[in-house]
Amino acid sequence: MAEEGESERAEAVVAMGSMDSSESRWVFQDDDDSEIEGEEGDGDEDEDEEDEDGTPPRTALDSDDDGNAAHRLIRTGPRIDSFDVEALEVPGAPRNDYEGISVGRRIVIACQILGVVFGDVGTSPLYAFSVMFTKAPINGNEDVIGALSLVLYTLIIIPLVKYVLIVLWANDDGEGGTFALYSLICRHAKVSLLPNQLPSDARISSFRLKVPSAELERSLKIKERLENSLTLKRLLLILVLAGTSMVIADGVVTPAMSVSAVGGLKVGVAAIGEAEVMTISVAFLVVLFSVQKFGTSKVGLAVGPALFIWFCSLAGIGIYNIIKYDTSVFRAFNPIHIYFFFKRNTSKAWYALGGCLLCATGSEAMFADLCYFSVRSVQLTFVFLVLPCLMLGYMGQAAYLMDNHSNYEQVFFSSIPSGAFWPILIIANVAALIASRTMTTATFSCIKQSTVLGCFPRLKIIHTSRKFMGQIYIPAINWFLMVACVILVCSISSITEIGNAYGIVELGVMMMTTVLVTIVMLLIWQINIIIVLSFVVIFLGLELTFFSSVLWSVGDGSWIILVFAVVMFLVMYIWNYGSKLKYETEVKQKMSMDLLRELGSNLGTVRAPGIGLLYNELVKGIPAIFGHFLTTLPAIHSMIIFVCIKYVPVPVVPQSERFLFRRVCPKSYHIFRCIARYGYKDVRKENHQAFEQLLIESLEKFIRREAQERSLESDSDEDMDSEGDNCGAIIAPNGSLYSLNAPLLAEYTQDGNTISEASTSDEVRPVVEAAPSSDPEQSLERELSFIRKAKESGVVYLLGHGDIRARKDSWFIKKLIINYFYAFLRKNCRRGIANLSVPHSHLMQVGMTYMV
């Protein structure tokens, strides 16, 4: 009989094939997956307040019986769930922040782009040639031409071709950086080590089957391999954490390198020595990090025009020097001069590669700062303004060096016309400060992404713009970077040593980005394997060559920045490891549903009026901390809502889709589960009153939808009884189609008696246990009235602080990591509830320790 049932369901699916997939879909469901609103991965029935066709949700109860896997055919409404779709594909979701803006506003944005994104790469002419020719001294004009050719083609290959034309398109809905790539990969394959994914995280509603091809087959094989291999998951996480730690280290070394512009004072004022330059540099750094709190928009708008003047000055000085000294520098566009440069200088030319790379520094900042601006605006600004000005600037310096071989240490300032020296010196120092901000803002962005994906301790994040949600400021990280940067400047005075450190962290990030973009190409873009291999061979090979050059000089002081990067990597890895162990332990020790049923609707205690919001991290099951509350407190609230703050691998979750609800127990228990979903780009700054109001409104909508479905199913059962078993579906007034061959929900009557679940065979009909009948409308109004009265009695936040300790028989390293390092990070991180300004009178906290 089960086989017949399966056959009939398959026919039903075929019959439904002509329907528009955006209107309704038929899916098979396992009962053990029905955690959130019946189907754990679907989730869209929970939040049907945004459904335009009025499709009622399907309701189910929590099930912990994982062995009871009964398949049912269910109808779902339009799949508009943020678990399943990218936020900008959801109706009503916020679109691109820069659509529909005026021309004047676009000019303002262009200034901000210069001030925020291109400051780092724009100041590289201050020191690139100085570091190169320190390692490979000039022996003739051909050396200058060869070095210039090397710089020009490095600019073309890395910033232009790799980042502007390729990598920027690998953004996660406008979000760039290492963790944005990781989030993009996680959304298309279950590669996250934190086991809180729902089936819906991998079911993208906007997915369309592609024509069978070798690329699609290869993509599916890669996806399966990534999901089934724990080693590959860990390796991918290690790559991402290594790249992010390099970005943070870059946030330290970039300001230290940029303030080298202060060294230009030694050219204009002979009395100024190295000690004075260091003092002024430290003062500049303090000012730089102090103004960071004013936000990207304000600071970017203020310094954007200054950077525009800087780029124009670069181009103007370059043209002046080319005309005055030597126009033959245009020969550098012939790449044969690179070969001659290496042939003449051999090992010295190889050492000089570390200095050459400095012309491409800031490329990763372009990608990491992408969250502030659109891809197209960044591309156009770089191609038509930044790149031409940089090329002219380097060509002008090379023309000057053709006649002044010995002035390479401060070649930029030495090549400035005497009448324009002091204005250009001021502009250069302003540009250097702007460049320092560029990498700092990129660091903030990467840390926020890593925090919401469970790889960095929670910190206070301030959103500095009401209009653009990606513009943030993290005070703790800002002052930490300032202290580290001042220490670096004071301990390493040589620009060559700082340049080596700069090259190490930049190349580390670049190589990680190359690997992750390659995975995106194979898994998501599904492009031809020849193109993928070409990308890997060209760019990874080039970056490894540069890396071998800077790594050879790591012993001269640049090892300090490597140590800093390793420390940041360990912080992130330990936090992720501890969070994973804590979550797995909470899943193993969750309460049994049978125990709650045995306790009865009073839960074995007194139910006091009010609503208790119990915060926990579980997306499925009853947290063990709830049992701790029951045994510790003399009473429990008349309504309990388990609230789980879950970050999903999408940038934005629309407000109308924020909450998912379902019942946890029979109706008389008044226990619900709520999953509050946020994207990693979302702003969590609502106060607790607004949060409570939105949560209660969403709960009431859920209960109304539930009642509508119950009523509709009741009508469907009557129609089926009158028309016979051959009738398989009905058409609702709104045009929606509903199956009558299997019930849409497992329902509990008002006093807790269940309607038994239907099996996969159509011959088994649900049998209603004896229960007094009641008017559905009256039942609905009674429950809504109960919720309102509970709300009037007050809302209390029940916080369970679950800590973990290593077992006595654990390895020493595990005890050290869990009991000391992770415990220290957890003790000093920001509590999740801190985002809601909840008065202490509304808080109730209970601690619990898990042994892992």
Contacts of type salt bridge (Lys or Arg N to Asp or Glu O under 4.0 Å), residue K221, not counting sequence neighbours: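 For K221 the salt bridge (Lys or Arg N to Asp or Glu O under 4.0 Å) partners, ignoring immediate neighbours, are E217.
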R225: partners by side chain to side chain donor-acceptor pair (under 3.5 Å), with sequence neighbours left out: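 Once residues adjacent in sequence are excluded, R225 has no partner under the side chain to side chain donor-acceptor pair (under 3.5 Å) criterion.
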Please name all residues satisfying side chain to side chain donor-acceptor pair (under 3.5 Å) with T440, sequence neighbours left out, ordered by chain then number.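 Side chain to side chain donor-acceptor pair (under 3.5 Å) check on T440 returns nothing, list empty.
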[X]: side chain to side chain contact (heavy atoms under 4.5 Å, CB included) partners, not counting sequence neighbours:
X	value
A180	D172, E175, Q449, Y680
L533	I529
C446	T244, V247, A368
S810	A806, R807, K814, K815

Below 6.0 angstrom between ring centroids: does that apply to F691 and F659?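 So the answer is yes for these two rings.
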Ring centroid separation F642 to F626 under 6.0 Å: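 Yes, ring centres under 6.0 Å apart.
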Rounded to the nearest 0.5 Å, what separation is found between the CG atom of L581 and the CD1 atom of I804?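 Reported value, rounded in 0.5 Å steps: 5.5 Å.
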Answer whether the closest heavy-atom distance between the side chains of [X] and [Y] falls below 4.5 Å.
X	Y	answer
T443	I474	no
I574	L825	yes
L613	L695	yes
M246	L562	yes
D250	V253	yes

Does [X] reach the main-chain N or O of [Y] with its side chain, forming a donor-acceptor pair under 3.5 Å?
X	Y	answer
N228	E224	yes
S363	A360	yes
R673	G621	yes
S450	I447	yes
S245	A242	yes

Residues two or more places apart in sequence or in another chain: which of them pass ring pair (Phe, Tyr, Trp, His ring centres under 6.0 Å) with [X]?
X	result
F480	F564
F456	none
F535	F539

Does K588 pair with E584 as a salt bridge, N-O distance under 4.0 Å?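 No, no charged N to carboxylate O under 4.0 Å.
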Any salt bridge between K223 and E227, counting N to O under 4.0 Å?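 Salt bridge flag = yes for E227 with K223.
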Parallel, tilted or perpendicular: which one describes the rings of Y577 and Y573, with boundaries at 30° and 60°?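 Taking Y573 first and then Y577, their aromatic rings lie parallel (interplane angle under 30°).
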With side chain to side chain donor-acceptor pair (under 3.5 Å) as the test, pick out the partner of E586 among Q589, K590, K582.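 Passing option: K582.
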Determine all donor-acceptor pairs shorter than 3.5 Å in which one atom belongs to a side chain in residues 160-168; sequence neighbours excluded.
from : atom 1 : to   : atom 2 : distance (Å)
K162 : NZ     : M510 : O      : 3.1
K162 : NZ     : T514 : OG1    : 2.7
K162 : NZ     : E543 : OE2    : 2.4
Y163 : OH     : E364 : OE1    : 2.6

